[in-house]
Amino acid sequence: MAILPIVTVPDPLLKTISSPVESVDDELRKLMDDMLETMYAAPGIGLAAVQVGRPIRVLVMDLSEDEDNPDPKYYVNPVLTWTSEDLATYNEGCLSVPEQYADIDRPAECKITFLDYYGNEQHIHATGLFSTCIQHEMDHLNGIVFIDYLSSLKKSMAVRKVKKLVREG
Ligand code: ZN
């Protein structure tokens, strides 16, 4: 496995609409393994392929927050099939927007259809942090970063801080 460089704002790649994956093969599984290692090293709880420079519809997540009991999840070509009317607010962050956080409202629950690590179709009903996280990650596949939901002033402040962080290494 390898740790991949993470793309940060305002890189235009993050605005790319990611392409569907044609088949879940060993090459894709290697990318998903590398994405997972990159996410754990960061550390983070979710990562979209576009964040490591590959604009394809693939996500990895692990909400266990426990190094000794990892719970890696892989989502290929995820499709949102239902969202609740109820909203939930979480203080979100993003590996592509390091050290910036903001409260974001999203549907509290959602249903998703996707292919798993082995290419099998799966359906899930996500609630709580899981629901927020997967919607945040799926936004990346559509070129949306969480700071896009903020006012233009707050968004430009966040981008400026990230540019400074990256410049200072
Ligand atoms: Zn993110």
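As the structure lists them, so they are numbered: ligands from 1, and atoms in each ligand from 1. The chain is numbered in sequence order, starting from 1.
For the Zn ion (ligand 1), the set of protein N/O/S atoms nearer than 2.8 Å consists of Cys94 SG, His136 NE2, His140 NE2, ordered by chain and number.
When all heavy atoms are compared, the tightest approach of Met32 to Val60 is O-CG1, 3.8 Å. For the pair His136 and Gly93, the tightest heavy-atom approach, listed with the atom from each and the gap, is CE1-O, 3.2 Å.
Every pair passing salt bridge (Lys or Arg N to Asp or Glu O under 4.0 Å) that includes a residue from residues 139-152 is listed here, sequence neighbours excluded: Arg106-Asp139, Asp148-Lys155. Within the structure, the side-chain hydrogen bond (donor to acceptor under 3.5 Å, both in side chains) test picks out no pair touching residues 70-86 (sequence neighbours left out).
In the hydrophobic clustering, Val166 connects to Val7, Val9, Leu13, Leu14, Val50, Val97, Ile104, Ile144, Val145, Phe146, Ile147, Tyr149, Leu150, Val159, Val162, either directly or through intervening members, whenever side-chain heavy atoms lie under 4.5 Å apart.
Comment: Asp26 engages Arg29 in a salt bridge, judged by a side-chain N to carboxylate O separation of less than 4.0 angstrom.
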